[in-house]
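Bear in mind the structure is a predicted one, so any value in this text is a computation, not a measurement. Below, each value reflects all heavy atoms present in this structure, side chains not excepted, and no hydrogens, waters or symmetry copies.
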Amino acid sequence: MSLTDLLEELEAAKNPKKSGAMEAYMRDQFSFLGVAAPERNKLYKKYFPEAKKTKIIDWDFVDTCWRKEPREYQYVAANYLKAMQSYLKDSDLPKLEQLVVTKSWWDTVDILDRVVGSLVYDKPELEKIILQWSLSDNIWLRRITIDHQLLRKEKTNVQLMEKILLHNLNQAEFFINKAIGWALRDYSKTNPTWVAGFIEKNKERMADLSIKEASKCL
């Protein structure tokens with residue numbers, strides 16, 4: 001049983017009756033086979049445990065998935081990397097960057113954010129690159145940096161998060177402002193005082209959307 005078999009099963013499961021609705025949901029930016037998330041998850045559970053035994057990330061497989069047109073293939077690759085994230089190497093960060101900026105939309109970016117987060121955790125030399133991303137012209141690299149520490153709770157690098165957030169205030173971009181709100185809301189469950197203080201200090205520069213999302217758990 002190989003990862004190639006996974007792709008063959010995915011292709012065999014295509015359902016044109018579902019693809020139209022999936023394409024419409026994603027604003028017709030991508031074509032779809034029509035394989036919904038529950039069906040894909042069954043394939044992940046079937047193949048990824050075996051893949052993890054290799055302890056080596058198959059980047060050729062990832063690249064093959066990313067080149068294919070139907071969007072489900074990118075979901076497979078992103079979730080494969082999520083399953084294999086403990087085997088990422090520092091040298092893989094440019095590869096992840098290329099995935100983020102290619103065929104970009106929130107659906108794949110929001111899987112890759114914590115894949116990136118797992119790689120850069122507690123690595124100052126990589127945090128420098130993350131800070132560079134937070135100033136990028138590419139909004140998806142910015143979104144990755146804002147949300148890469150989600151669910152880290154007390155292990156959150158607050159200084160790094162604050163720098164990234166400050167780099168992204170005064171933005172008109174919906175996906176940036178939403179991400180700011182999510183990052184702050186998530187951390188407010190661990191340190192509501194810090195989040196409330198950040199909002200109070202920076203509210204003149206924050207979008208209403210960011211403040212609304214950030215305040216939901218305060």
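Atom CG of Asn170 has more than 12 heavy atoms from other residues, nucleotides or ligands within 6.0 Å. Atom CD of Glu11 has more than 12 heavy atoms from other residues, nucleotides or ligands within 6.0 Å. No more than 12 heavy-atom neighbours from other residues, nucleotides or ligands sit within 6.0 angstrom of CD on Gln159.
In this structure the side chain of Thr4 never reaches within 4.5 angstrom of the side chain of Phe61, judged on heavy atoms. Taking the side chain as every heavy atom from C-beta outward, Leu160 and Gln149 approach each other to under 4.5 Å. Put simply, the side chain of Ile146 does not reach to within 4.5 Å of the side chain of Trp182, judged on heavy atoms. Looking at Glu9 and Lys46, their side chains come closer than 4.5 Å, going by heavy atoms from C-beta outward. Using a 4.5 Å heavy-atom cutoff, the side chains of Val100 and Glu97 are not in contact. Counting only heavy atoms from C-beta outward, the side chains of Glu127 and Leu131 never approach each other to under 4.5 Å.
Cluster annotation: Val195 and Leu209 are assigned to the same hydrophobic cluster (Ile/Leu/Val/Met/Phe/Trp/Tyr, side-chain heavy-atom contacts under 4.5 Å, transitive). Tracing side-chain contacts under 4.5 Å through hydrophobic residues (I, L, V, M, F, W, Y), one reaches Ile57 starting from Leu6; they form part of the same cluster. Using a 4.5 Å cut-off between side-chain heavy atoms of Ile, Leu, Val, Met, Phe, Trp and Tyr, with links allowed through other members, Leu169 and Ile144 fall into the same hydrophobic cluster. Under the 4.5 Å side-chain heavy-atom criterion for Ile, Leu, Val, Met, Phe, Trp and Tyr, Ile111 and Met26 are members of distinct hydrophobic clusters. Phe30 and Tyr25 fall within a single hydrophobic cluster, where Ile, Leu, Val, Met, Phe, Trp and Tyr side chains are chained together by heavy-atom contacts under 4.5 Å.
To the nearest 0.5 Å, atom CD1 of residue Ile130 and atom NZ of residue Lys123 are 11.5 Å apart. In this structure, the separation between OG on Ser31 and NZ on Lys68 is 11.5 Å, given to the nearest 0.5 Å. Here Trp106 contributes atom CH2 and Asp147 contributes atom CG; the two are 13.0 Å apart, rounded to the nearest 0.5 Å. Between Glu213 atom CD and Met206 atom CE the span is 10.5 Å, to the nearest 0.5 Å. One distance of note links CZ of Phe48 with CG of Leu43; it measures 8.5 Å at 0.5 Å rounding. Distance check, rounded to the nearest 0.5 Å: CG of Asp113 to OG1 of Thr145 gives 10.0 Å.
Between Leu218 and Ser188 the shortest heavy-atom distance is CD2-CB, 3.7 Å. The two residues Lys103 and Trp66 come nearest to each other via the heavy atoms NZ-O, 2.7 Å. Scanning both residues, Cys217 and Arg185, for their nearest heavy atoms gives SG-CG, 3.9 Å. When all heavy atoms of Ser134 and His167 are compared, the pair lying nearest together is OG-ND1, 2.8 Å. In plain terms, the two heavy atoms of Lys212 and Lys216 that are nearest each other are O-CG, 3.4 Å. The two atoms that bring Phe32 and Glu23 nearest to each other are N-OE2, 3.0 Å, heavy atoms only.
Applying the side-chain contact (heavy atoms from CB on, under 4.5 Å) test to Lys45 and every residue at least two apart in sequence or in another chain returns nothing. For Tyr73, the ring pair (Phe, Tyr, Trp, His ring centres under 6.0 Å) criterion is met by no residue, not counting sequence neighbours.
Note on ring orientation: taking the six-membered ring where Trp is involved, the planes of Trp140 and Phe175 are tilted (angle from 30° to 60°).
Asp5 contributes a side-chain N or O that, together with a main-chain N or O of Ser2, makes up a donor-acceptor pair within less than 3.5 Å. Counting only distance, with no hydrogens or angles, the side chain of Tyr87 and the backbone of Thr54 share no donor-acceptor pair below 3.5 Å. Put simply, the side chain of Arg40 gets close to the backbone of Val35: a donor and an acceptor are under 3.5 Å apart. In this structure, Asn168 contributes its side chain and Ile164 its backbone to a donor-acceptor pair below 3.5 Å. With Glu72 contributing its side chain and Gly34 its backbone, the two residues share a donor-acceptor pair below 3.5 Å. A side-chain donor-acceptor contact under 3.5 Å links Thr156 to the backbone of Lys153. At least one donor-acceptor pair closer than 3.5 Å links the side chain of Gln74 to the backbone N or O of Cys65. Judged by distance alone, with hydrogens and angles left aside, the side-chain atoms of Asp92 form a donor-acceptor pair with the main-chain N or O of Lys89 at under 3.5 Å. Checking side-chain atoms of Arg152 against main-chain N and O of Gly117 turns up a donor-acceptor pair under 3.5 Å. Counting only distance, with no hydrogens or angles, the side chain of Asn157 and the backbone of Asp122 share no donor-acceptor pair below 3.5 Å.
Only one option out of Thr108, Asn41, Asp107 pairs with Tyr75 in a side chain to side chain donor-acceptor pair (under 3.5 Å); it is Asp107. Checking Leu165, Leu184, Ile180, Ile199 one by one against Ser210, the side chain to side chain contact (heavy atoms under 4.5 Å, CB included) holds for a single residue, Ile180.
With salt bridges taken as basic N to acidic carboxylate O contacts below 4.0 Å, none links Lys128 and Glu125. Using a 4.0 Å cut-off between a side-chain N of Lys or Arg and a carboxylate O of Asp or Glu, Asp110 and Arg143 qualify as a salt bridge. Looking at Lys18 and Glu39, a side-chain N of the basic residue comes within less than 4.0 Å of a carboxylate O on the acidic one, giving a salt bridge. Arg142 has no carboxylate O lying under 4.0 Å from a charged side-chain N of Glu173, or vice versa, which leaves the two without a salt bridge.
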